[in-house]
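Notes follow once the structure below has been shown.
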Amino acid sequence: MRPNPVKLLSGTAVQVARDENMLNKVIQDHDTFEQPDWLAGMTSSDQQIRSQAFEGFMNAWQKPIYFYMRKLLVNHHDADDASQEVMIQVFQSIHTFQKKSTFSTWLMTIAYRKAMDAMRKRKTHAWVSLERSHQAALSHLNEDALFDADDAESRLHAAIATLPPRQRQVFVLRYFDELSFRKIAAITSKTEGALKASFHHASKKVRALLVLPF
Amino acid sequence: MKDLPTSTPFNVPEGFFDEQRQSIQQRMEAEPQAVSKFYELNRAQWFRVAAFWVGLIGVVLGVQQWNAADPCQTYSCLLEQHEHSLTIPDDILEEWLDDGTLFDDILLDEV
């Protein structure tokens, strides 16, 4: 169950997720049905069937993957690059998908690794204080023409941007995408206990940054 | 602005998703599916690789066996075949030969 935003944000007036979450919905759909219809077509030798499979895959996953990356990387161009990498990797590696897990878990594992790589490349210096990192991220967000949020929501996303890569992933997957720790464990190959600890630390840091004066 | 997501505060440029789709399609055409790596083989391919190695090892062992010398029937034959591999130093051998217990109590009793 999703943590209460009001509790997490210590009373800060903010409505975090405005609408249904796309990633969670697609993952649930794919877990409910055994495998997507277009999956078999992705490895077909017939060009037309492959094109149809491509359309089916993109219709289902393009936006969820992009917004997953965007929440983690914040910058539109970084999210664009990372999400393209994920989708190309899926098509290039689809013949290795053993169907031991659901397609969504396999895909999210690729997305998780690509996101980790992208975040590590843009790693902030450890000696910069959390408050200064938060201020820098906030300024960056406020200058971003493709970011449209009120102050409280901006502060939340700026706080998430200051988290270490793994904590950021767990926070986004749990808080925004509302995935169970079990599902996140399958994606990240970490234990549920370790993920709960990561989420706890991430929530604590985010909460601390949100109550700071402007 | 088009394609504005309703679930996050993050917006995208107009027509972004169509352009991204085209870009991915172009990249996929330019970078076709990677050649299967060894660890990415499917079950049938694994069987073929395993069968190849089993066959190869079998052939090597067969050739070795075919070339091998006939089994010895006598100790002198064994000595001839393995003379160079005997590494027992002479002083140890002499010590054994001088060992009365070995010759008197064990070997001679057996005769």
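Here is the naming used below: chain letters follow the sequence lines, and residue numbers restart at 1 for every chain.
Residues A:F67 and B:F10 place their aromatic rings such that the two centres sit no closer than 6.0 Å.
For the atom pair CZ (B:R21) and CD (A:E55), the distance works out to 5.0 Å, reported to the nearest 0.5 Å. If you take CD1 on A:I88 and CE on B:M28, they are separated by 7.5 Å, rounding to the nearest 0.5 Å. Remark: B:R27 CZ to A:M87 CE distance equals 10.0 Å, nearest 0.5 Å. Taking CG of A:D81 as the start and OG of B:S23 as the end, the distance is 9.0 Å to the nearest 0.5 Å. To the nearest 0.5 Å, the span separating CZ on A:F54 from CD1 on B:I24 amounts to 5.5 Å. Note that CG of B:N11 is 9.0 Å distant from CG of A:D144, once rounded to the nearest 0.5 Å.
Between B:F16 and A:Y66, the ring-plane angle classifies as tilted under the 30° and 60° cut-offs.
Both the backbone and the side chain of A:F147 have a heavy atom closer than 4.5 Å to some heavy atom of chain B. Contacts between A:N75 and chain B at a heavy-atom distance below 4.5 Å are absent for every atom of the residue.
Judged as a ring pair (Phe, Tyr, Trp, His ring centres under 6.0 Å), and not counting sequence neighbours, A:Y68 has no contacts. Listed by chain and residue number, nothing satisfies the side-chain contact (heavy atoms from CB on, under 4.5 Å) test with B:E19 (two or more places apart in sequence, or in another chain).
The shortest non-hydrogen separation linking B:F17 to A:Q62 is O-NE2, 2.8 Å.
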